[in-house]
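First the structure, in the form of C-alpha cells, and then the observations on it.
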Amino acid sequence: MPGGRLTQQDRQQIALGLADGLAYAEIARRLDRPTSTITREVMRNGGPTGYRADLAHRATERRTHRRRQAAPRESQAAPQPHGRDPEAVREYEEMLTTVFMQSGLPKMMARVLGCLYTTDAGSLTASELAQCLHVSPASISKAIAFLESLDLVRRERDERRRERYVVDDDLWYQSMIRSARDNAQLVETARKGVGVLGPDTPAATRLENIARFLDFVTESLTRAAEQAREVLHTKPAPHEPDAQ
C-alpha cells in the first residue's frame, strides 16, 4: 500500500478533484493512494463541500503536534489485548468512524459507535467511553441518546449496577426494522399527498411512484432482516447423545 503522509500538494490535488466532481476512488488513483485515505482525509476536514487544502494541512499539523505532546501519557496505557498493534487499531477506528459518518451519523456519534464495535466486550460505561475518546461525559450522554433513538445501542446494568452501553448482533436487526417502520410512515404520507394533489397529476404521480418503490423495498428489507436473524443469530440446539 502506498505509504507516507499526505503532503500539502496532495491536499491541493484532492481539493481540485473535489471541485471537478471526481469520486474519491478516482482522486485516490491519481495520487496513488488507497481510497480509504482520501475518504478519511475529506470527511475529517469539512466533507466534500467544505474541504480546503490549506486548512486541512494546518489541522493535520495541529493533530500531529497534540499526539506528540500526549505520547508520554499514552505510552503508559495498558497494551492492546491479543497482541494487537495499537497504531493499527487506532487507524482502523478512524476508518470505521469515517464509514459511519458517510452513512449519515454525526462525528461524535460515529466515534462512540466505532469505539464500542472495536472493544471485545461489546459494551462500555460512560466513563470508559469518555476516557477512550478524550471527551466529556456530557458529549457521551448526548451521543448515546442519539444512537439509542436509532436502535444502534442499548443500555443495561452490570453486576455493580453501572450503566453500560452495548452493541450486539440483534441491534442491526432492530435498526433495520425501525428503518422499515420509517419507510412505511413515508409511504402512508406520500399516498395521502396523492389524494390532496389530485390523481393523474404530475406531482401525485411522483408521490405514488415513491410510495410503490418504498413499499417494495420495505417488504424486501423486512423479509431479509427476518431471514438473516433466523439464519445467522439462532443458536443451534444442544446436541443430545443417542439413547442407549
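- Taking Arg58 as the reference, nothing meets the side-chain hydrogen bond (donor to acceptor under 3.5 Å, both in side chains) condition, with sequence neighbours excluded.
- Tyr117 and Met95 fall into different hydrophobic clusters, where Ile, Leu, Val, Met, Phe, Trp and Tyr are joined by side-chain heavy atoms under 4.5 Å apart, directly or via other members.
- At least one side-chain heavy atom of Glu208 sits less than 4.5 Å from a side-chain heavy atom of Arg191.
- Nearest approach of Ala59 to Asn45, heavy atoms of both residues: CB-OD1, 3.8 Å.
- Judged purely by atom type and a 3.5 angstrom limit, Thr201 uses its side chain to pair as donor or acceptor with the backbone of Ala204.
- For residues 137-149, every residue pair satisfying the salt bridge (Lys or Arg N to Asp or Glu O under 4.0 Å) rule, not counting sequence neighbours, is listed here: Glu148-Arg155.
- Distance check: Thr39 OG1 to Met43 CE gives 8.5 Å after rounding to the nearest 0.5 Å.
- At least one donor-acceptor pair under 3.5 Å links the side chain of Asp168 to the backbone N or O of Asp170.
- The side chain to side chain contact (heavy atoms under 4.5 Å, CB included) check on Pro106 picks up Met109, Phe146, with sequence neighbours excluded.
- Each of Leu124, Ile140, Val135 was evaluated against Val112; a single residue qualifies, Ile140, per the side-chain contact (heavy atoms from CB on, under 4.5 Å) test.
- A salt bridge between Glu87 and Arg90 is present, with a side-chain N of the basic residue lying under 4.0 Å from a carboxylate O of the acidic one.
- Contact record, Ala225 with Ile177: CB-CD1, 4.4 Å, taken as the closest heavy-atom pair.
- Atom CZ of Arg157 has more than 12 neighbouring heavy atoms from other residues, nucleotides or ligands inside a 6.0 Å radius.
- Leu116 and Met108 fall within a single hydrophobic cluster, where Ile, Leu, Val, Met, Phe, Trp and Tyr side chains are chained together by heavy-atom contacts under 4.5 Å.
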When you look at Arg29 and Glu26, which way does the salt bridge (charged side-chain N to carboxylate O under 4.0 Å, His left out) test go after all the steps? CA-CA 5 Å; Arg29 187 188 66 78; Glu26 176 59 21; 2.7 Å; yes
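- Side-chain N/O atoms of Thr97 and Arg40 include no donor and acceptor closer than 3.5 Å.
- Pairs of residues two or more places apart, or lying in two chains, that qualify as salt bridge (Lys or Arg N to Asp or Glu O under 4.0 Å) and include a residue from residues 105-130 are Arg84-Asp120, Glu128-Arg164.
- Cluster annotation: Ile38 and Phe100 are assigned to distinct hydrophobic clusters (Ile/Leu/Val/Met/Phe/Trp/Tyr, side-chain heavy-atom contacts under 4.5 Å, transitive).
- Taken to the nearest 0.5 Å, the CG atom of Leu152 stands 10.0 Å off from the CD1 atom of Ile144.
- Take Arg52 and apply the salt bridge (Lys or Arg N to Asp or Glu O under 4.0 Å) test, not counting sequence neighbours, and it matches no residue.
- Here Ile210 sits in one hydrophobic cluster together with Leu186, Val187, Val194, Leu197, Leu207, Phe213, Leu214, Val217; the rule is ILVMFWY side chains under 4.5 Å apart, joined directly or through other members.
- Summarising the geometry, atom CG belonging to Asp151 is positioned 11.5 Å from atom CH2 belonging to Trp172; distances are rounded to the nearest 0.5 Å.
- Contacts of Arg206 classified as side chain to side chain contact (heavy atoms under 4.5 Å, CB included), with partners at least two apart in sequence or in another chain: Ala203.
- Taking 4.5 Å as the limit, every side-chain heavy atom of Thr7 sits out of range of all side-chain heavy atoms of His57.
- For the atom pair Arg178 CZ and Ser175 OG, the distance stands at 7.0 Å (nearest 0.5 Å).
- Considering only residues two or more places apart in sequence or on other chains, Gln131 meets the side chain to side chain contact (heavy atoms under 4.5 Å, CB included) condition with none of them.
- In this structure, the side chains of Arg44 and Thr60 stay at 4.5 Å or more apart for every pair of heavy atoms.
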Working for side chain to side chain contact (heavy atoms under 4.5 Å, CB included), residues Met176 and Arg229: CA-CA 11 Å; Met176 291 296 102; Arg229 187 190 201 191; over 6 Å; no
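- Listed by chain and residue number, Glu163 satisfy the side-chain hydrogen bond (donor to acceptor under 3.5 Å, both in side chains) test with Tyr165 (two or more places apart in sequence, or in another chain).
- Between Arg5 and Asp10 there is no salt bridge, since none of the side-chain N atoms of the basic residue sits less than 4.0 Å from a carboxylate O of the acidic one.
- For the pair Tyr24 and Pro48, the minimum side-chain heavy-atom distance is below 4.5 Å.
- Separating the CD atom in Gln9 from the CG atom in Leu31 is a distance of 9.0 Å, to the nearest 0.5 Å.
- Not a single donor-acceptor pair under 3.5 Å links the side chain of Arg33 to the backbone N or O of Thr37.
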Walk me through whether Leu150 and Leu105 qualify under side chain to side chain contact (heavy atoms under 4.5 Å, CB included). CA-CA 10 Å; Leu150 299 177; Leu105 287 180; 3.9 Å; yes
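- Partners of Ser136 by side-chain hydrogen bond (donor to acceptor under 3.5 Å, both in side chains), not counting sequence neighbours, listed by chain and number: Ser139.
- Proximity of Leu113 to Val167: side-chain heavy atoms (C-beta onward) are separated by under 4.5 Å at one or more points.
- Note on Tyr173: it does not cluster hydrophobically with Val153, by side-chain heavy-atom contacts below 4.5 Å among ILVMFWY residues.
- Qualifying side chain to side chain contact (heavy atoms under 4.5 Å, CB included) partners for Asn209, counting only residues two or more places apart in sequence or in other chains: Thr205, Arg212.
- Contacts of Glu93 classified as side-chain hydrogen bond (donor to acceptor under 3.5 Å, both in side chains), with partners at least two apart in sequence or in another chain: Thr118.
- A distance of 5.0 Å separates CZ in Arg11 from CG in Leu6, rounded to the nearest 0.5 Å.
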